[in-house]
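Written out below as structure tokens is the structure these notes cover.
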Amino acid sequence: MSRVLIVGAGLTGSLCACLLRREMPNKVIVVWDKSRGAGGRMSTSRSPSDASCIVDLGAQYITATTYYAKMHQNFYEELLAHGVLKPLVSSVEGEVMKDGGHKNYVSPTGVSAIVKHFLKQSGAEVFFDHHVTHIYQKGAIWEVCRKGGAPEQFDAVVLTMPVPQILQLQGDVGSLLEKSQRQQLEAVSYSSRYALGLFYKAQAHIDVPWAAKYISNNPCIRFIAIDDKKRNLESPECGTSMVVHTSVPFGIKHLEEAKEQVEPLILEELNKLLPGLPQPDSIKCQKWRYSQVRSSVADCPGQMTLLSQPLLVCGGDGFTHSNFDGCIESALKVFDVLKHSL
């Protein structure tokens, strides 16, 4: 039984594991992620004092264009049938309409539920706090090393982390990259930003007419959502929550600063935009060094195979485009390679 390692428990990695289980049930599927939980940039955080009070710190909602609603219909239908997605009924002020027939969806229990759904379906052995550092080819297998743990061996390895992290890997990855592949990977660029999750006590009230809003012409803040309102789950028993995303220029300017230094700057700007906000019960500050792909691998191939035997393949939104459907597209392309190699 061949062992397949998928590095990264975000949407591409989790869907890849799910497809592998459904079509090749005899494989041992292992998922490693350096974080403490599943989701990647589909990250959901909980209030330290109220487990029912959550906030999406990464992706906010899923937009299905007419094209992708048809192309990926089975995935949308599956997530809707399981209650993982539901239509976004609240208003999003300032949203730029890219497609007249597009539909927006939210995840009632937080956007990380999408990733967790596919991981659960995959039946994979999932390990968190597993930070891959080196990959070595040992004949017909791969030896994969991680921080603070013993090396393990796999028949195939799938890398779905952001492209700069693939380029940082030690071992044999660098020597396997052809010059043209390296140039393509080095040309991939990401925007950077901060996200602030604010958790409030149950009686707190934020009086705004919208659930989410894009802010224009602000040097610091680009997007604000009242998270429970966005998910249409407002309740007097449950604390409300808010997420603030900074603009990309602000993110780049403060990228190398400590989160503790940046948090008060965002809060000061937020209080100017929405004066009279209640005092949050707790705050979570998230630095997204790799927020959204600005420039992906040329021609968006969905994957890049570094070696066919033993298989080492890369995927993720850096090989397509930075949204839900981009990750699905990449997972399908990676799975296609796995199918023909294993």
Side-chain angles (χ1 to χ4, degrees), residues 1-21 27-43 45 57-58 112 115-116 118-120 122-177 181-182 185-186 188 190 286-290 303-319 327 330-331 334-335 337-338 341-342:
M1 286 174 73
S2 45
R3 294 184 85 214
V4 181
L5 173 66
I6 296 171
V7 183
L11 181 54
T12 305
S14 64
L15 180 54
C16 205
C18 177
L19 295 168
L20 201 52
R21 170 65 64 230
K27 307 295 173 202
V28 176
I29 307 163
V30 182
V31 177
W32 285 5
D33 195 285
K34 70 185 178 85
S35 302
R36 286 180 298 174
R41 280 164 285 162
M42 286 191 153
S43 154
S45 250
L57 287 176
S112 66
V115 172
K116 288 171 182 172
F118 289 126
L119 272 183
K120 188 180 175 187
S122 77
E125 299 169 25
V126 185
F127 298 93
F128 299 112
D129 293 311
H130 276 48
H131 186 169
V132 174
T133 55
H134 297 67
I135 299 178
Y136 297 101
Q137 187 186 353
K138 304 280 184 182
I141 54 164
W142 294 105
E143 185 171 272
V144 184
C145 308
R146 61 183 177 90
K147 270 185 190 170
E152 290 190 38
Q153 296 186 329
F154 299 92
D155 300 282
V157 176
V158 178
L159 304 173
T160 71
M161 62 272 241
V163 170
Q165 293 177 353
I166 294 172
L167 288 167
Q168 285 161 17
L169 287 171
Q170 304 293 302
D172 294 335
V173 175
S175 59
L176 289 169
L177 280 169
Q181 287 178 319
R182 180 177 287 281
L185 294 182
E186 286 173 347
V188 174
Y190 293 77
Q286 171 77 45
K287 181 191 290 190
W288 292 114
R289 185 175 290 275
Y290 307 114
Q303 59 81 29
M304 184 182 281
T305 303
L306 303 189
L307 196 67
S308 311
Q309 290 297 330
L311 180 66
L312 179 61
V313 59
C314 309
D317 60 354
F319 299 85
C327 292
S330 178
V334 170
F335 176 63
V337 173
L338 283 163
S341 298
L342 294 174

Minimum heavy-atom distance between G318 and V188, given as atom pair plus value
O-CG2, 4.0 Å

Pairing residues for S112 by the side-chain contact (heavy atoms from CB on, under 4.5 Å) criterion, not counting sequence neighbours
T44, K116

Which distance, rounded to the nearest 0.5 Å, do you find between the CZ of F335 and the CG of L15?
10.0 Å

Measuring only between side-chain heavy atoms, which start at C-beta, is V31 closer than 4.5 Å to S14?
no

One should read off an interatomic distance between K147 NZ and H134 NE2, to the nearest 0.5 angstrom, of 11.0 Å

Less than 4.5 Å apart, any side-chain heavy atom of R146 and any of D129?
no

I'd like to know if the side chain of S43 and the backbone of G39 have a donor-acceptor N/O pair within less than 3.5 Å.
no

In sequence, state the C-alpha distance, the side-chain angles, and the governing distance for F154 and V144, and then conclude on side-chain contact (heavy atoms from CB on, under 4.5 Å).
CA-CA 8 Å; F154 299 92; V144 184; 3.8 Å; yes

Say you draw a straight line from CZ of R21 to CD1 of I29; how long is it, rounded to the nearest 0.5 Å?
3.5 Å

Heavy-atom nearest pair, R41 first then P162, reads NH2-CG, 4.4 Å

What are the two closest heavy atoms between S330 and G316, and how far apart are they?
OG-N, 2.7 Å

Taking R3 for the side chain and Q153 for the main chain, is one N or O donor matched with an acceptor at less than 3.5 Å?
yes

Looking at every heavy atom in both C314 and F319, which two are closest together, and how far apart are they?
CB-CZ, 3.5 Å

Any residue meeting salt bridge (Lys or Arg N to Asp or Glu O under 4.0 Å) with E125, in chain and number order, not counting sequence neighbours:
none

Test side-chain contact (heavy atoms from CB on, under 4.5 Å) on V7 and H130 and set out the steps.
CA-CA 9 Å; V7 183; H130 276 48; over 6 Å; no

Compare all side-chain heavy atoms of I141 with those of P310 and state whether any distance is below 4.5 angstrom.
no

Does any pair with a residue in residues 154-174 pass side-chain hydrogen bond (donor to acceptor under 3.5 Å, both in side chains), and if so which ones, sequence neighbours excluded?
none

Identify the two heavy atoms, one from A156 and one from L342, that lie closest to each other, and give their separation to 0.1 Å.
CB-CD2, 3.8 Å

For a 4.5 angstrom cut-off between non-hydrogen side-chain atoms, does I135 reach L159?
yes

Nearest atoms (heavy-atom pairs only) where C16 meets L338:
SG-CD1, 3.9 Å

Spacing of L167 atom CG and L185 atom CG [to the nearest 0.5 Å]
5.0 Å

Decide if atom NZ of K120 counts as having more than 12 heavy atoms of other residues, nucleotides or ligands within a radius under 6.0 Å.
no

So which of L5, V173, T305 actually passes side-chain contact (heavy atoms from CB on, under 4.5 Å) with L312?
V173

Atom pair CG (L177) and CE (M304), whose distance is rounded to the nearest 0.5 Å
7.5 Å

Any donor and acceptor pair, going by atom type alone, linking the side chain of Y190 with main-chain N or O of V163 inside 3.5 Å?
yes

With heavy-atom distances below 4.5 Å as the criterion, would you say the side chains of L11 and D317 are in contact?
no

Answer yes or no: is there a side-chain heavy-atom contact under 4.5 Å between L169 and M161?
yes

